[in-house]
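Below is one structure; the comments refer to it alone.
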Amino acid sequence: MEVPDGHEKSSRSFGLPTRYILSILAFFGFVLNYMLRINMSIAIVAMVKRNESVHIGGSQNEEGEFSWDDKEQSLITGAFFWGYIFTQVPGGRLAEIFGSKYIFGLSIFFSGILTLLVPWASSENPTKLIAIRAGLGLLEGATYPSMHAMLAKWAPPTERSRITAIVYSGAQAGTVLTLPLVGAIISAWGWRPAFYIMGGLPAIWIVFWIIFVYDTPQSHPRIDSRERKYFEESFQGSGLHSNHQKVPWGKILTSSPFYAIIIAGLASNWGFWTLLTLLPTYMKTMLHYDIKQNSLLSAVPYLAMWFFGVSYGLVADRLKTHGILSTKNVRKLSSVLCLGLPAVALFAVTFVGDDPLPTLLIFTFAVGMSGAKYSSYLSNHIDIAPNYAGTLLGIANACSTIPGWLAPLVASSITNNHQTLTNWHEVFYISSGIYALGCGYFLIFAAGDVQIWNHESQSDSERIQSQ
């Protein structure tokens with residue numbers, strides 16, 4: 001089967017294959033997704049009163065406005081996940097039935113609207129801000145599952161790792177851009193404009209999304225005939241059906257390969273959110289960087305993750321298409337990179353004390369290697385059940401929201417008013433151990449083939465069980 005290289009003449013937008021137009025716009029969608037969810041992690045440093053004034057850009061600014069203690073701050077940053085958990089499964093299932101275009105697009109757009117309300121809610125009281133953050137999570141909860149349902153139709157098996165990496169690496173690009181951008185905006189104008197600027201960007205993005213993106217290759221009016229044929233050939237025998245089957249819940253919830261995906265996601269998210277939400281605080285209190293230096297240096301590990309994730313996605317596809325490794329072994333190798341190596345790195349960081357250079361290098365390595373997750377468990381839902389990829393990711397991502405609020409809460413309970421290296425080392429030991437457990441479980445139980453229940457309707461399952 002000939003794979004289009006994306007450079008042939010066609011009537012398609014910008015001369016690119018439609019699957020890569022979608023990938024690029026989805027990439028920017030996830031850039032915005034993460035801008036809107038993590039801007040609070042860096043802005044809160046300037047919003048809260050400290051014992052000492054915050055230094056921004058080399059000059060001393062006034063203290064923050066709000067007297068929130070560490071636990072209140074954890075509630076504010078973690079409230080996002082209270083809402084995020086509830087729309088995971090509905091978002092994925094609705095996308096499988098009705099299409100992903102508007103579910104994904106409107107989730108990003110209305111998340112921007114809520115972000116515009118953050119300065120007002122902050123000035124009112126912490127409860128209103130917590131409610132805004134929970135509402136933001138409620139909207140963004142549908143983004144990953146709906147996108148996975150779309151990728152099941154738009155990412156051919158021979159390009160699955162790279163397209164998944166391109167799309168979801170927008171999360172790291174958003175992190176890389178947000179951390180220094182928020183710091184720069186705060187330095188110039190204060191913390192409020194950071195939310196106004198970022199909250200307005202989705203209104204621009206959604207115009208391009210609506211014009212250029214369609215739910216399936218078959219419904220796209222500008223797809224090239226050669227690319228359409230490529231899709232038809234690529235998805236033959238893939239297990240993907242166009243009809244809307246009922247979900248075989250019993251089969252899914254007793255599937256060992258699916259639990260491997262869930263456990264890997266839990267482990268990965270524990271380490272990821274521990275570092276994402278607390279790295280700015282660690283760099284300020286332990287490494288003594290001001291907010292502008294902090295935001296720039298905090299972004300470096302996520303730049304590495306972005307670059308490595310996309311680059312490794314190309315390698316993973318080649319390992320599969322050239323017959324070097326099976327799909328299952330590509331996913332398992334990737335799990336060693338995205339879970340096993342960060343476990344080693346977070347253990348190693350406890351040996352370097354408060355020396356900033358080796359600390360930053362180790363954090364960069366740990367987070368950078370996490371980019372292999374796009375070619376590991378994050379692609380695996382589509383491998384084992386393309387018909388239910390959105391639903392599976394919704395279930396797995398709902399479970400993975402637990403570390404999003406629990407990991408920072410555990411860490412803050414250890415370090416609350418006791419910012420010492422010993423306490424921080426305890427945080428890193430916990431994260432290292434969870435990474436290692438997740439890696440081991442995935443290596444034992446993960447699969448790479450389409451599961452038989454992917455082809456079953458619920459009525460078929462019921463008949464089999466009743467025999």
Side-chain angles (χ1 to χ4, degrees), residues 23 27 30 34 144 148 151 155 157-176 257 260-276 300-322 324-348 361-384 393 396-397 400 403 431-432 434-448:
S23 300
F27 165 86
F30 279 103
Y34 266 68
Y144 271 93
H148 231 49
L151 291 180
T158 54
E159 300 179 53
R160 185 166 293 157
S161 294
R162 77 187 74 172
I163 289 178
T164 302
I166 290 170
V167 170
Y168 291 137
S169 68
Q172 276 59 64
T175 304
V176 168
I261 294 172
I262 291 175
I263 298 299
L266 282 167
S268 178
N269 275 22
W270 186 283
F272 180 82
W273 286 106
T274 295
L275 293 175
L276 182 64
V300 171
Y302 302 99
L303 179 61
M305 185 178 179
W306 177 16
F307 177 79
F308 179 72
V310 175
S311 302
Y312 179 73
L314 295 170
V315 174
D317 278 336
R318 289 188 177 275
L319 289 173
K320 179 183 175 181
T321 56
H322 289 290
I324 298 172
L325 292 175
S326 65
T327 299
K328 178 173 72 173
N329 288 332
V330 168
R331 304 301 177 227
K332 290 186 175 184
L333 171 63
S334 303
S335 74
V336 173
L337 298 179
C338 72
L339 297 172
L341 293 184
V344 174
L346 288 186
F347 183 77
L361 289 175
I362 291 171
F363 282 145
T364 299
F365 176 79
V367 178
M369 289 298 101
S370 298
K373 69 182 181 180
Y374 306 122
S375 304
S376 178
Y377 67 90
L378 265 180
S379 294
N380 204 212
H381 315 79
I382 306 175
D383 296 328
I384 67 171
L393 184 67
N397 228 25
S400 294
S431 296
S432 177
I434 291 174
Y435 265 134
L437 288 172
C439 181
Y441 195 95
F442 192 83
L443 288 174
I444 295 170
F445 294 106

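What's counted below: heavy atoms across the whole structure, side chains too, no hydrogens, waters or symmetry copies.
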Subject >> Qualifying residues under side chain to side chain donor-acceptor pair (under 3.5 Å), relative to Ser268, sequence neighbours excluded >> reply: Tyr377
Original post:
Which residues satisfy the ring-ring contact (aromatic ring centres under 6.0 Å, His included) test with Tyr34, sequence neighbours excluded?
Top reply: none
Subject >> Partner set under ring-ring contact (aromatic ring centres under 6.0 Å, His included) for Tyr435, not counting sequence neighbours >> reply: none
Original post:
Listed by chain and number, what are the side chain to side chain donor-acceptor pair (under 3.5 Å) partners of Tyr144, not counting sequence neighbours?
Top reply: none
**OP:** If a pair satisfies salt bridge (Lys or Arg N to Asp or Glu O under 4.0 Å) and one of its residues is in residues 304-318, list it, with sequence neighbours excluded.
**Re:** Arg162-Asp317
**OP:** Could you tell me which residues satisfy ring-ring contact (aromatic ring centres under 6.0 Å, His included) with Phe272, sequence neighbours excluded, listed by chain and number?
**Re:** Tyr302
**OP:** Only counting residues at least two apart or in another chain, list the ones meeting side-chain contact (heavy atoms from CB on, under 4.5 Å) with Leu325.
**Re:** Leu319, Asn329, Val330, Leu333
**OP:** Sequence neighbours left out, what passes side-chain contact (heavy atoms from CB on, under 4.5 Å) with Ala165? Give chain and number order.
**Re:** Tyr374
Subject >> Results of side-chain contact (heavy atoms from CB on, under 4.5 Å) for Leu443 - residues two or more places apart only >> reply: Lys332, Ser335, Val336, Cys439
Original post:
Considering residues at least two apart in sequence or located in another chain, which fulfil the side chain to side chain donor-acceptor pair (under 3.5 Å) criterion with His148?
Top reply: Tyr168, His381
**OP:** Under the ring-ring contact (aromatic ring centres under 6.0 Å, His included) rule, collect the residues that match up with Phe307, sequence neighbours excluded.
**Re:** none
Original post:
Mind checking what makes side-chain contact (heavy atoms from CB on, under 4.5 Å) contact with Thr327, not counting sequence neighbours?
Top reply: Lys320, Arg331, Asp383
